[in-house]
Amino acid sequence: MTIPDPTSDAIALGIFLALLTGTALLLSRYVSGVFAGELSHGPPGRIEEWLFRLVRTDPLREEGWRGYARNMLVFNVVGFLFLFSLLLLQGFLPLNPQGYGAFAPHVALNTAVSFVTNTNWQVYAGETTASYLAQMAGLTVQNFLSAGTGICIALAVMRGITRRTTPLIGNFWVDITRCTLYILLPIAFVASLLLVSQGVVQNFDPYVHADGYGGPQTIAMGPVATQETIKNLGTNGGGFFSANAAHPYENPTALTNLLEIFLILLIPATLPFVFGRMAGTMRQGWAIYAAMLVIFVGALGALYAVELAGNPLVTDLGVAGVSMEGKEVRFGLGGTALFTTATTATSCGAVNAMFDSLTPLGGMVPLLLMLLGEVVFGGVGSGFYTFVGFMVLSVFVAGLMIGRTPEFLGKKIDVPEMRMAVVTVLAPGVLVVVLSAVSLLVPGALSAMLNPGPHGLSELVYAFASMSNNNGSAFGGLDGSSPYYAVAGSLAMAVGRFVPAVAMLALAGSMAQKKRVPPGPGTLPTSSATFVLWTVLVILIVGVLTFFPLFATGPIAEHLIMIEGGTT
Amino acid sequence: MSSWKTAILLFAVLTAVVGVVYPVAFTLVVGVAFPFQAHGSLVMDAEGRVVGSALIGQNVTAPGYFQGRPSATPYTAYNASHSGASNLGPTNPVLLEEVAGRLAALRDAGVTGQVPSDLVQASGSGLDPHISLEAALVQVPAVAKARGLPEEAVAALVRAEAIDPLVPFAGPHVNVLSLNRALDDLAAGQSP
């Protein structure tokens, strides 16, 4: 309960963000090189060549957006079927020292959809349900491949915007292979080593029996580090253990906590710069990055401030310090607030504290970040392409207001592009509102709430916000394991993932075919500070206006009850 | 059709690489490089029995020992094979009843003054191995009395055990298992 020091925490945050920005800039050069095929020379090139022959694809043959989207969807369907089967069959397979049987079918469905869509919403407790094989060959694999899928779509969108008069936006098989093997795997390997050196476990041991000061204890084990790293790096978020990154074997020290936050933000922070390089204007990359950073720092500051103010109902009992319910001592308030902001600004959803027990407004911050569409850095890939959707929308609205032709990087925005941008921006929000409303009416669905009053509504809205935006964090009090929530959630995750993804590929395909108009006096510059601020406002207006009634009846109502000294 | 064939083949190759070869090879590497950490940072007694993990908290209730944080893991406190939190909301009366009950228990055990929040509120994992330095210090008089040890000696032990991580955000904290083992050593050294 050591009283946090906001000044030194703010300085530490500044250093952290500077390091992140620097690393992202450096990494962006490597990433754009990888996708441009620069590693195809030398030894990786020979392996690549052999691999592409084996899987029967010609690396030089690119596809239009339809072909790219089809291959992406087919690949994800194969991944889903494999994972779904593995979860049902794990009882018959090796690396299962605890002898766990099959997942219940609706839980297997929910889990498979969840990991394929980069959501990692979890209605099972890892250490009591999943075999080591399922964790490693099933869930870890999807942590790599769903992240890779997101990055590939983002790259295809970048190509679409920056190319001229061609229908082609890339070869999905080549992109996913290079992304997985040259970007995700090397970073994951090095980061996993650092995590293990700090105490994250990595073994295939059966659970250990100990007898200590608290009596007998059975300690869960497993190949945790290899999953932990990619879960953060790929903004997946699915914990090996039920308590996710609050568990000491996933996140043992203040240092691993910072490293994991860094991994969560790394690739999403890199992609705007990759785009800047591809578009030949780093200024555009900086503009996108700045817009994201503004919202990120604002949200983090708000969360930190309300958690620092604490829960008066508890302090009035004679308790000193910030509310520690659901939080771990070793991270400190700053480490908890930064993780919480990073994990919901991106689509990660890993948690190092339990959001259900945050103060009402504290819990509203992660909810708001998700409902903004996860564009503040956002998920690996998905954050970038959703942000592009918002930029297209901003260009259009600004164009209407000042009477200029809407253009983005010299490409005219027409009706088809607007249609796709609006689908991308609104699809998750519509899902949240509709499914939350339906759940309030479905018999029995309300009994899944743990907490009474407005907080119960927050739990419910949070669940569908998390699944529709492919985040995966939860107000854990809500019991999402019933068949209704499992199936409705699977629908939310699948639609929330693939509808915007395909819409943005369509937008990319249509942009790629356009000519580039040289900038004239009627052009709205999309890398100016004014436009950055404008985009931030558009994002906030869409998010806040759509969901204000839900905020008012959930977290804000609970906050008013709390500061008046009432309970629910 | 060619999409499906390519998808299945590529998926199989990538699964083999990132889902089998990578984790297995990595396990072998760290099994050699960091065997203690990779296998759970397990702590043994003199006879080689596992007394726990340096990273996993224990449900200490006996007088004369420092207590860790409250734990809300399923079935039993500090259930290290099923981690989890209470998930109680900030205005839930159950939360306030639980905090009040824990406060009363600490008062009965002889803890006086303001009680640090980490000592009466359950952790996120339910397995938090640490308490804040303040949460250890408020327990010193009660522990010293139960042990018949001088308070200054026990307080000095707590300060010696404090971890100041030199990493931003985290304040000084104490590993409860390590502290209780040091306390046993101290008591053994002082007994005739």
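Throughout, a chain's letter reflects where its sequence line sits, starting with A, and its residues are numbered from 1. Values reported hereafter were calculated over all heavy atoms of this structure, with side chains retained and with hydrogens, waters and symmetry mates removed.
Proximity to chain B (any heavy atom under 4.5 Å) is shown, for Leu139(A), by neither the backbone nor the side chain. Interface residue Tyr78(B): backbone and side-chain heavy atoms are both found under 4.5 Å from chain A. At a 4.5 Å heavy-atom cutoff, the contact between Leu185(A) and chain B is made by side-chain atoms alone. The contact between Val200(A) and chain B is made entirely by backbone atoms, counting heavy-atom distances below 4.5 Å. Both the backbone and the side chain of Val51(B) come within contact range of chain A, each with at least one heavy atom under 4.5 Å from a heavy atom of that chain. For Asp9(A), the parts sitting under 4.5 Å from any heavy atom of chain B are the backbone and the side chain alike. If you measure heavy-atom distances from Leu54(A) to chain B, the contacts under 4.5 Å come from both the backbone and the side chain. Residue Glu558(A) touches chain B through both its backbone and its side chain, counting heavy-atom pairs closer than 4.5 Å. Both the backbone and the side chain of Ala254(A) come within contact range of chain B, judged by heavy atoms closer than 4.5 Å. For Tyr213(A), the parts sitting under 4.5 Å from any heavy atom of chain B are the backbone and the side chain alike. Neither the backbone nor the side chain of Val224(A) has a heavy atom closer than 4.5 Å to any heavy atom of chain B. Neither the backbone nor the side chain of Ala62(B) comes within contact range of chain A; no heavy atoms are under 4.5 Å apart. For Ile219(A), the parts sitting under 4.5 Å from any heavy atom of chain B are the backbone and the side chain alike. Residue Leu81(A): no heavy atom, backbone or side chain, is found under 4.5 Å from chain B. Looking at His455(A), only its side chain comes within 4.5 Å of chain B, counting heavy atoms on both sides. With a 4.5 Å cut-off on non-hydrogen atoms, Leu184(A) does not touch chain B at all. Contact annotation for Arg181(B): both backbone and side-chain heavy atoms come within less than 4.5 Å of a heavy atom of chain A. Both the backbone and the side chain of Leu127(B) come within contact range of chain A, with heavy atoms under 4.5 Å apart. Only the backbone of Ile131(B) comes within contact range of chain A, judged by heavy atoms closer than 4.5 Å. Interface residue Phe144(A): only side-chain heavy atoms are found under 4.5 Å from chain B. Residue Asp45(B): no heavy atom, backbone or side chain, is found under 4.5 Å from chain A. Using a 4.5 Å cut-off between heavy atoms, Leu119(B) makes no contact with chain A at all.
With salt bridges taken as basic N to acidic carboxylate O contacts below 4.0 Å, none links Asp118(B) and Arg69(B). Classification of Glu151(B) and Lys145(B) as a salt-bridged pair fails, no side-chain N sitting under 4.0 Å from a carboxylate O.
Between chain B and the options Gly138(A), Pro452(A), Pro252(A), Gly362(A), the largest number of non-hydrogen pairs under 4.5 Å is found for Pro452(A). For the options Val18(B), Leu9(B), Ile8(B), heavy-atom pairs under 4.5 Å to chain A are most numerous at Val18(B). Ranked by non-hydrogen atom pairs under 4.5 Å with chain A, the options Leu88(B), Val43(B), Val17(B), Val30(B) are led by Leu88(B). Of the residues considered (Gln142(A), Lys327(A), Met221(A)), Lys327(A) shows the highest number of contacts with chain B, using heavy-atom pairs under 4.5 Å.
For the residue pair Asn180(B)/Ser178(B), the side-chain donor-acceptor check at 3.5 Å is not satisfied. Residues Ser8(A) and Asp5(A) have side chains that bring a donor and an acceptor to within less than 3.5 angstrom of each other. Side-chain contact check for Thr229(A) and Ser192(A): at least one donor-acceptor pair (N or O, by modelled atom type) lies under 3.5 Å. For the residue pair Arg70(A) and Ser3(B), a side-chain donor N or O sits within less than 3.5 Å of a side-chain acceptor on the partner. Thr27(B) and Gln202(A) are linked by a side-chain donor-acceptor pair at a separation below 3.5 angstrom, with hydrogens and angles left out of the test. Side chain to side chain, Asn352(A) and Asn251(A) fail the donor-acceptor criterion of an N or O pair below 3.5 Å.
Counting only distance, with no hydrogens or angles, the side chain of Thr91(B) and the backbone of Thr567(A) share no donor-acceptor pair below 3.5 Å.
Judged by a 6.0 Å distance limit and a 45° cone about the ring axis, Arg147(B) is positioned over the six-membered ring of Tyr65(B).
Here the side chains of Glu134(B) and Gln114(B) are not in contact, with every heavy-atom distance at 4.5 Å or above.
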